[in-house]
A.B. asks: 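The structure follows.
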Amino acid sequence: MNTDVVIIGGGHNGLVCAFYLAQAGLKVTVLERRGIVGGAAVTEEFHPGFRNSVASYTVSLLNPKIIADLALHDHGLKIVERKLANFLPVNDREYLAVGGTGTKAEVAKFSNRDGETLDAYYTRIEALADVLRDLILVTPPNVMESGWFGAIPELFKSASIGKRMADLPMSTRRDLLAIFARSAGDYLDSWFESDPIKAVLGFDGIVGNYASPYMPGTAYVLLHHVFGEVNGKRGAWGHAIGGMGAITQAMAKAAREKGVDIRTDAAVREVAVKDGRAVAVVTDKGEKIEARVVASNLNPKLLYEKLVDAAHLPADFNERIKNYRCGSGTFRMNVALSELPKFSCLPTAGDHMTAGIIIAPSLRYMEQAYNDARSHGWSKEPIVEMLIPSTLDDSLAPKGKHVASLFCQHVAPELPNGRSWDDHREEVADLMIATVDKFAPGFKASVIGRQALTPLDLERTFGLVGGDIMHGALSLDQLFSARPVLGHGNYRAPIKGLYMCGSGTHPGGGVTGAPGHNAAREILKDLGKR
Ligand SMILES: Cc1cc2nc3c(=O)[nH]c(=O)nc-3n(C[C@H](O)[C@H](O)[C@H](O)COP(=O)(O)OP(=O)(O)OC[C@H]3O[C@@H](n4cnc5c(N)ncnc54)[C@H](O)[C@@H]3O)c2cc1C
């Protein structure tokens, strides 16, 4: 036996899982395909002298327990809050600024009634976020096919979650039902009448979720984006100094300190199975590493369709994995800027330069973008969120210059009519820049370097199937006990000794660390360690 546990993939969840296992005294090896660890949470130079978080770009969901257990701050992580949460240019005269003390007055610019409603909305959504927070580090009860003996612990788990729900006030239970069943659009329409506030809040319902904001299920995705916090401030979003790579570098340091062997440029091509048990992995260089346990940080489709021989898996399971829905409709750009953008509606520099700048003035605009993408591959009026992290972090760009992340939603994961993203990358990148330029004239001229990642590029570079930033849609049929497949929502694969520790398990995508944390707990349980 070469090692106790081999982890396939050095994304943030693989690193977190490795840390906890090594802390419990196990010998752990992490094998990462790329030259650096971190998966979708990495900082790289994309233009000479300009660095940025290449994929994920803003932090909130990272679990406080995990930050503390791994002592990430002691390992160099510093997270700062945005000075303003969101800025939404409406046209060349009007905007909505959300997050400062003046938020109510800002919303009241468009509707007095909405300004008055805002506090009640936040109170109610916060109560729902609390329910989710309680479940983040919980292993979902598993739906068992085995007899009553195996089912008992799962029943207890269900009972304790059921009790938590039963303790909620009736109004929260009703809200919870609405959030799971309804669309973000319908939910927000029931609260507000003006477009800008609905657009700012509803954007969370379609982030990494290829759907119209009026499609059922989007209200849950909205909730998924509000359970986080920054330095103890709930619901806030912030920036990791040095970019998202600072998080994963700190995680790697913490793991190495516990003795984890992290190897890069080490792609796994096969999970070896003997007598129904995962016994080793084989790298693309042909090295076989034997282990008592194999854990996968990969999108479940990658694991089961590429690395495991289908003959070792039940036919129904294979069918479910084939139909596991991936493809968040994401187009991601990093741009090097000679100067800060000047928005026609607010040309002066200010706190809004640190905000998540949302270019999508209404829910209808987002719906249209989705419909266009379904029929054509992208919309002439796409959704862009721009963040300029160099306004909070001078380590990313040369003095006086800036870097911006363009997080563009709703391009088709696969283009219609057999077209390839390789033939449309630059055209769509031009469109995204032109879209910002419409609201901030001169932006296009300020771009001195750029990196554009289509869904295909996200798959090739990071192993994100269909470019899916979450490792699979956060739809009801792919959540909690059903993530990735009902019967395997407890981090255990259908093969003994094989576990899943990536975002394709509960609680899903985002830089949370939770899947890695929870999977480690289950592995330790099975190995008889606490
Ligand atoms: C464009 C984009 C924007 C996002 N924005 C945000 C954001 O702002 N905030 C946020 O919280 N979340 C964001 N997310 C989501 C978040 O980044 C991901 O959900 C999360 O990082 C996934 O972490 P993971 O550890 O589960 O998997 P991954 O990060 O995908 O890690 C899996 C690792 O496995 C490696 N691998 C793949 N195949 C093999 C193999 N055969 N052998 C060995 N290694 C292999 C990969 O290279 C990768 O390093 C974003 C994601 C993307 C793509």
Side-chain angles (χ1 to χ4, degrees), residues 33 39-40 46 54-57 203 205-215 217-218 221 298-302 305-306 321-335 358-360 363-386 404-438 444 447 450-475 477-478 503-504 509:
R33 186 176 61 100
F46 66 95
V54 176
S56 69
Y57 60 99
F203 177 72
I206 56 104
V207 166
N209 183 23
Y210 188 48
S212 155
Y214 283 95
M215 278 162 65
T218 46
V221 178
L298 277 46
N299 180 307
K301 264 177 112 62
L302 260 190
E305 291 184 344
K306 300 275 193 269
I321 289 293
K322 181 166 158 269
N323 295 323
Y324 182 70
R325 285 192 314 110
C326 289
S328 54
T330 309
F331 191 96
R332 179 73 171 83
M333 291 185 70
N334 293 295
V335 290
I358 298 172
I359 298 182
L363 295 175
R364 290 282 161 216
Y365 178 105
M366 297 179 203
E367 181 167 52
Q368 189 61 49
Y370 172 71
N371 290 339
D372 291 348
R374 292 277 297 179
S375 55
H376 177 67
W378 61 87
S379 172
K380 283 187 190 132
E381 295 199 311
I383 304 164
V384 180
E385 185 191 24
M386 177 163 75
S405 304
L406 304 190
F407 191 33
C408 315
Q409 312 295 319
H410 290 359
V411 299
E414 277 180 34
L415 290 175
N417 307 321
R419 289 176 299 154
S420 165
W421 269 115
D422 282 334
D423 299 325
H424 296 279
R425 183 182 301 103
E426 300 310 321
E427 177 187 357
V428 174
D430 287 345
L431 169 72
M432 298 305 175
I433 288 174
T435 302
V436 179
D437 195 82
K438 238 195 267 177
K444 185 174 163 192
V447 175
R450 75 185 196 187
Q451 174 187 40
L453 298 164
T454 68
L456 187 59
D457 298 323
L458 290 171
E459 175 155 347
R460 285 181 186 141
T461 311
F462 301 105
L464 298 167
V465 179
D468 198 308
I469 75 166
M470 302 287 189
H471 284 201
L474 296 178
S475 51
D477 60 331
Q478 299 188 169
S503 295

A.B. asks: Would you compute the distance between atom CG of Asn371 and atom NE2 of His376 and round it to the nearest 0.5 angstrom?
C.D. replies: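 Answer for the CG-NE2 pair, Asn371 versus His376, is 14.0 Å.
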A.B. asks: Is it true that, when you exclude Lys438 itself, more than 12 heavy atoms of the residues, nucleotides or ligands shown sit nearer than 6.0 Å to its NZ?
C.D. replies: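 Atom NZ in Lys438 is crowded, with more than 12 foreign heavy atoms closer than 6.0 Å.
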A.B. asks: Any chance CZ of Arg425 has more than 12 other-residue heavy atoms, nucleotides or ligands included, within less than 6.0 Å?
C.D. replies: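 Atom CZ in Arg425 is packed in, count exceeds 12.
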A.B. asks: Regarding Arg364 and the six-membered ring of Tyr214, is the cationic atom NZ or CZ under 6.0 Å from the ring centre and inside 45° of its axis?
C.D. replies: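 Yes, a cation-pi geometry.
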A.B. asks: Taking the basic N atoms (NZ, or NE/NH1/NH2) and the acidic carboxylate oxygens, is any pair closer than 4.0 Å for Asp422 and Arg460?
C.D. replies: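 Arg460 and Asp422: salt-bridged.
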A.B. asks: Enter the distance from Ser328:OG to Leu458:CG here, rounded to the nearest 0.5 Å.
C.D. replies: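 If we round to the nearest 0.5 Å, Ser328:OG and Leu458:CG are 7.5 Å apart.
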A.B. asks: Look only at the side chain of Ser56 and the backbone of Ala40, and say whether a donor-acceptor pair between them is shorter than 3.5 Å.
C.D. replies: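 Pair found, side chain donor or acceptor close to backbone of Ala40.
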A.B. asks: Which atom names give the shortest non-hydrogen contact between Asn334 and Val54, and what distance separates them?
C.D. replies: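 Asn334 and Val54 have their closest heavy atoms at ND2-O, 3.2 Å.
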A.B. asks: Using a 4.5 Å cut-off on heavy atoms from C-beta on, say whether the side chain of Glu427 contacts that of Asp430.
C.D. replies: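 In short, these two side chains do not touch, never coming nearer than 4.5 Å.
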A.B. asks: Do His410 side-chain atoms and Ala211 backbone N/O form a donor-acceptor pair below 3.5 Å?
C.D. replies: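 Yes.
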A.B. asks: Any idea which heavy atoms bring Pro416 and Ser375 closest together, and the distance?
C.D. replies: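 The answer is CG-O, 3.7 Å.
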A.B. asks: Please find the pair of heavy atoms, one from Gly509 and one from Leu474, that lie closest to each other, and give the distance.
C.D. replies: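 Looking at all heavy atoms of both residues, the closest pair is N-CD2, 4.2 Å.
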A.B. asks: Taking the side chain as every heavy atom from C-beta outward, state whether Val411 and Pro455 have any atom pair closer than 4.5 Å.
C.D. replies: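 Side chain of Val411 against side chain of Pro455, heavy atoms only: contact under 4.5 Å found.
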A.B. asks: Run the side-chain contact (heavy atoms from CB on, under 4.5 Å) test on Met386 and Ile359 for me, step by step, so that the C-alpha distance in whole Å, both residues' side-chain angles and the decisive distance to 0.1 Å come before the verdict.
C.D. replies: CA-CA 8 Å; Met386 177 163 75; Ile359 298 182; 5.8 Å; no
A.B. asks: Can you check whether Thr454's main-chain N or O pairs, donor with acceptor, with Asp457's side chain at less than 3.5 Å?
C.D. replies: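 At least one qualifying donor-acceptor pair exists.
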A.B. asks: Just wondering, do Pro382 and Met432 contact through their side chains at under 4.5 Å, heavy atoms?
C.D. replies: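 They are in contact (side-chain heavy atoms under 4.5 Å apart), so the answer is yes.
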A.B. asks: Which atom pair, heavy atoms only, marks the closest approach of Arg325 to Asp477?
C.D. replies: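 Shortest heavy-atom separation between Arg325 and Asp477 comes out as NH2-OD1, 4.5 Å.
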A.B. asks: Rounded to the nearest 0.5 Å, what separates atom CG in Leu302 from atom CG in Leu464?
C.D. replies: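 If we round to the nearest 0.5 Å, Leu302:CG and Leu464:CG are 8.5 Å apart.
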A.B. asks: Is there a donor-acceptor contact under 3.5 Å linking the side chains of Asp372 and Gln368?
C.D. replies: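 Checked: Asp372/Gln368 side chains pair up, N/O donor to acceptor below 3.5 Å.
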A.B. asks: Okay, side chain of Gln409, backbone of Ile383: is any donor-acceptor separation there less than 3.5 Å?
C.D. replies: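 Pair absent, no side-chain N/O of Gln409 close to backbone of Ile383.
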A.B. asks: Glu385 and Tyr57: side-chain donor and acceptor closer than 3.5 Å?
C.D. replies: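 Yes, because at least one side-chain N or O of Glu385 sits under 3.5 Å from a partner of the opposite role on Tyr57.
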A.B. asks: Which heavy-atom pair separates Ile469 from Thr330 by the least distance, and what is that distance?
C.D. replies: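 For Ile469 versus Thr330, the nearest heavy atoms are CG2-OG1, 3.4 Å.
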A.B. asks: What I'd like to find out is whether the side chain of Asp468 reaches to under 4.5 Å of the side chain of Pro413, using heavy atoms alone.
C.D. replies: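 No, too far: nothing below the 4.5 Å cut-off.
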A.B. asks: Heavy atoms only: give me the nearest Lys301-Cys326 pair and the separation to one decimal.
C.D. replies: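 Smallest interatomic distance, heavy atoms only, reads CD-SG, 3.9 Å.
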A.B. asks: Checking Ser212 side chain against Glu367 main chain: does a donor-acceptor pair fall under 3.5 Å?
C.D. replies: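 No.
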A.B. asks: How are the rings of His424 and Trp378 set relative to one another: parallel (under 30°), tilted (30 to 60°) or perpendicular (over 60°)?
C.D. replies: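 The arrangement is tilted - the two ring planes meet at 30° to 60°.
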A.B. asks: State, with a plain yes or no, whether a side-chain heavy atom of Ile433 is found less than 4.5 Å away from one of Arg450.
C.D. replies: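 Side-chain contact under 4.5 Å: yes.
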A.B. asks: Could you tell me if the side chain of Glu381 sits less than 4.5 Å from the side chain of Thr435, heavy atoms only?
C.D. replies: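 Counting from C-beta outward, Thr435 and Glu381 never come under 4.5 Å.
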A.B. asks: Short question: side chain of Arg332, backbone of Ala55 - any donor-acceptor pair under 3.5 Å?
C.D. replies: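 It does hold such a pair.
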A.B. asks: Within the distance-only criterion (no hydrogens, no angle test), does the side chain of Arg33 pair as donor or acceptor with the backbone N or O of Thr461 below 3.5 angstrom?
C.D. replies: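 Yes, because the side chain of Arg33 sits within donor-acceptor range (under 3.5 Å) of the backbone of Thr461.
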A.B. asks: Can you say whether the rings of Phe331 and Trp421 are parallel (under 30°), tilted (30 to 60°) or perpendicular (over 60°)?
C.D. replies: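 Tilted: the ring planes of Phe331 and Trp421 meet at 30° to 60°.
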